[in-house]
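In this chain, residues are counted from 1 in sequence order.
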Amino acid sequence: MVSLEKRLSAAADDSINQLGGNFKGSSMRVEKPKSAPGCFSGICGGAPPKEREVDVILIGAGVMSATVGLMLKELEPSWKMMMFERLGAPGEESSNGFNNAGTGHAGFMEPNYTKEVKNADGSLRTVTTDKVEHVCEQFLSSRQYWEYLTKTGKLPKPDTWIHQTNHIALGVGKDQVEFIKKRYEAMKSHPLFTSMEICLPEEKEKAKQWAPLIVKGRDPNEPICMTKVPHGTDVDYGALTKAKITAFQELGGDLRLHTEVTDVKKNKDGKWVITTKVNGAGSGWAYNKAKFVFVGAGGWALLMLQKAGIPEVNGYMALPVTGDWAICQNPEVVHQHRVKVYAPGAPGAPPMSMPHLDYRTIGGKEVLLFGPFGSMTMKFLRYGSVTDAFRALKPHNLIPTAGALSRNLSLAVMLMKDVFKSAMGKLHDIRHYYPEADPDDWVFIPAGVRAQIIKKDPKTGKGMLQFGTEVVTGENGTICGLLGASPGASTCVSIALAVIEKCFGNSPEFKKWSPKLKEMIPSWSPDVAAGDMKKVTPDIVDNIYKTTGSALQISPK
């Protein structure tokens, strides 16, 4: 021990602690520069702002910019592309594993994708399936593109970012049990959902096998009903984003971190000038010119599109919502619940309040996640500014904003209740789904920010709150941005296709891109909307699940 301490310490007279005489000037062994940059750049003799010109600029380094950028780089390898991210790493905002639910949203278990249809007496007749079918087809596009990237070596081993996870829709109590039954009846015969199974209230042993934490300790007189789909997935979108951007760079894409976009303006020649700022040795400013700009900046996309001054964004506003997740890291508990369980919210609750108890793998760490517990914020990003919402308010979106907020008071009530909910109150919510939850197993962590869309209702002209994602494109297709939240990450491939179709569909390049797009996503067709399948038959669906399941190592277990 004595010899070890001697090796780990050094006295003042040790050579490593001695200066070579008095300190003189620069610590670098170079000649002092003959002149220094001035105080005000060009005014005092300093370097002027840098000017660069490329073909494509992507603002933000999240899953959407990663997908659009990588697709375009494969379609046009010779195009010069730059991606700007103000944080120190890609995928650290909404794409980060702890800032989203990590669900491969395919409609298997999400109650808000199947709207209730009531009888005249108010009883539940059935549920609609058009939305759930659309979401499922979109996620199949994602699975196919990820299969292509995996097979061509552009993504790392699948088990570093995606895992097979049964998706379970849960109903607790008489009304929710009836909903789950009607949902199953409406969905089971569709080719997309033929693998769906149901566990009726009386099938208690089956329920224990499917989701033991849901059943254990529950009042045996409380009815529960579940459906299960074995093709469900858990996705670490943060890891996936980083992997896509690595592939983007390997193909020649230029990622610039610690770089903030401060302005977006259209030049007289029709090209866009993106002003960026860094804390650098030069002036710190740069003017970056491009023929096409994609704004994948999460909640800040609205602010960027407003700076661009495109009329298509007029009337849009965003309602930023944040909150907490409850995280359980106890391996003994986690290993009992390697499934994702979604359930309907309380009667009248907004879609985003649907609670879920999920198995997650983030950065190789297995956890359970429960939530969301909502909260209000003025930031459009987790690392945004408290002035974001105020900066986005414009004369053209004041009336839609007021109308949307007045029509969604239930959301404000829910958020206020969650804001003032105690730790024991949150534990009570967890125990509604996991009756024997131990409070010492659960930690509350901040969630990301969802900037929900506010816009004019195309039917009534009144303000509405849209729970989803929307692609906003300038008139000539030279600038495009993504607004909204869930299920954005899951449907990133369909959204990227929509961007390419809307912005380049009439260009001479698009026709030559079609074979490559078909290679990337075999179900893609220029004859239908991006993400939709032209034909949906049991054979086609089974083949997609088989090929993607094998390549991504997510076949049902």
Side-chain angles (χ1 to χ4, degrees), residues 101 103 105-136 166-232 337 339-358 370-372 410-411 413-414 428-435 467 486-487:
T103 299
H105 284 294
F108 297 149
M109 59 180 172
E110 300 88 338
N112 51 314
Y113 296 150
T114 42
K115 185 179 178 181
E116 295 181 352
V117 180
K118 300 292 185 68
N119 292 310
D121 62 359
S123 60
L124 180 61
R125 184 170 81 240
T126 185
V127 299
T128 60
T129 61
D130 51 337
K131 177 67 174 179
V132 76
E133 292 169 20
H134 179 60
V135 170
C136 190
N166 291 342
H167 283 193
I168 293 176
L170 169 69
V172 179
K174 181 180 177 181
D175 291 342
Q176 289 190 5
V177 165
E178 185 66 16
F179 171 78
I180 295 298
K181 288 180 179 179
K182 295 291 186 182
R183 187 176 185 273
Y184 172 72
E185 291 297 325
M187 294 173 62
K188 67 177 183 179
S189 60
H190 194 281
L192 293 167
F193 310 111
T194 54
S195 63
M196 181 181 286
E197 303 176 57
I198 190 167
C199 176
L200 298 170
E202 59 270 21
E203 298 179 290
K204 299 187 182 300
E205 286 302 316
K206 182 190 286 188
K208 288 180 182 179
Q209 294 175 9
W210 284 13
L213 295 189
I214 302 296
V215 178
K216 190 176 180 181
R218 187 174 297 278
D219 182 348
N221 295 318
E222 182 176 48
I224 63 171
C225 185
M226 292 185 274
T227 60
K228 181 183 75 173
V229 178
H231 292 294
H337 191 85
V339 294
K340 286 179 176 285
V341 177
Y342 275 54
M352 66 169 296
S353 67
M354 302 299 170
H356 39 99
L357 180 63
D358 294 354
F370 180 87
S410 62
L411 175 58
V413 172
M414 183 205 81
H428 175 76
D429 290 348
I430 298 172
R431 284 179 171 171
H432 184 65
Y433 299 93
Y434 171 22
F467 296 96
S486 182

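- One distance of note links OH of Tyr184 with CE of Met196; it measures 8.5 Å at 0.5 Å rounding.
- Contact annotation: the side chain of Lys181 approaches that of Pro201 to within less than 4.5 Å [non-hydrogen atoms, C-beta and beyond].
- Taking every heavy atom of both residues into account, Val177 and Pro223 meet most closely at CG2-O, 3.7 Å.
- Listed here is the closest heavy atom pair of Pro191 and Thr194: O-OG1, 3.7 Å.
- At least one donor-acceptor pair under 3.5 Å links the side chain of Glu110 to the backbone N or O of Gly107.
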Query - Residue pair Val341, Met109: steps toward the side chain to side chain contact (heavy atoms under 4.5 Å, CB included) verdict - result: CA-CA 7 Å; Val341 177; Met109 59 180 172; over 6 Å; no

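- Taking all atoms of both residues into account, the shortest heavy-atom contact from Asp358 to Ala101 is OD2-O, 3.8 Å.
- One N or O on the side chain of Glu203 and one on the backbone of Leu200 form a donor-acceptor pair closer than 3.5 Å.
- Within the 4.5 Å cutoff, side-chain heavy atoms of Thr114 are placed close to those of Met187.
- Distance check, rounded to the nearest 0.5 Å: CD of Glu197 to NZ of Lys188 gives 12.5 Å.
- Counted within 6.0 Å of NZ on Lys216, heavy atoms from surrounding residues, nucleotides or ligands total 12 or fewer; the atom is thus considered open.
- A heavy-atom distance below 4.5 Å is not found between the side chains of Glu178 and Glu116.
- Across all non-hydrogen atoms, the minimal contact from Ala207 to Cys199 is N-SG, 3.5 Å.
- In this structure, the side chain of Arg218 engages the main chain of His432 through a donor-acceptor pair within 3.5 Å.
- Residues Tyr433 and His356 form no side-chain contact, since every pair of their non-hydrogen atoms from C-beta on lies 4.5 Å or further apart.
- We find the CG-NZ distance between Asn166 and Lys340 to be 11.5 Å, quoted to the nearest 0.5 Å.
- Side-chain N or O atoms of Lys131 include none that pairs as donor or acceptor with a backbone N or O of Asn112 at under 3.5 Å.
- Within the 4.5 Å cutoff, side-chain heavy atoms of Leu192 are placed close to those of Glu133.
- Between Ile168 and Lys228, some side-chain heavy-atom pair lies under the 4.5 Å cut-off.
- Distance alone, capped at 3.5 Å, places no donor-acceptor pair between the His337 side chain and the Tyr434 backbone.
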Report task. Could you give me the CA-CA distance, side-chain angles and deciding distance for Leu357 and Ile214, then say whether side chain to side chain contact (heavy atoms under 4.5 Å, CB included) is met? Result -> CA-CA 9 Å; Leu357 180 63; Ile214 302 296; 4.1 Å; yes

Report task. Would you check, one step at a time, whether the test side chain to side chain contact (heavy atoms under 4.5 Å, CB included) holds for Cys225 with Phe179? Result -> CA-CA 9 Å; Cys225 185; Phe179 171 78; over 6 Å; no

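- Taking CG of Leu124 as the reference point, atom CG of Asp175 lies at 9.0 Å (rounded to 0.5 Å).
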Requested in this report: Evaluate side chain to side chain contact (heavy atoms under 4.5 Å, CB included) for Phe193 paired with Val132, printing each intermediate quantity in order.
Outcome: CA-CA 10 Å; Phe193 310 111; Val132 76; 4.1 Å; yes

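- Contact of the Thr103 side chain with the Tyr342 side chain is registered, since non-hydrogen atoms from C-beta on lie closer than 4.5 Å.
- Residues Thr126 and Glu185 have side chains not in contact (no heavy-atom distance under 4.5 Å, counting atoms from C-beta outward).
- Of the possible donor and acceptor atoms, none in the side chain of Asn119 sits under 3.5 Å from a partner among the backbone N and O of Asp121.
- Pro111 and Arg183 get closest at one heavy-atom pair: CA-NE, 4.4 Å.
- Closest of all the heavy-atom pairs between Tyr113 and Val135 is CE1-CG1, 4.0 Å.
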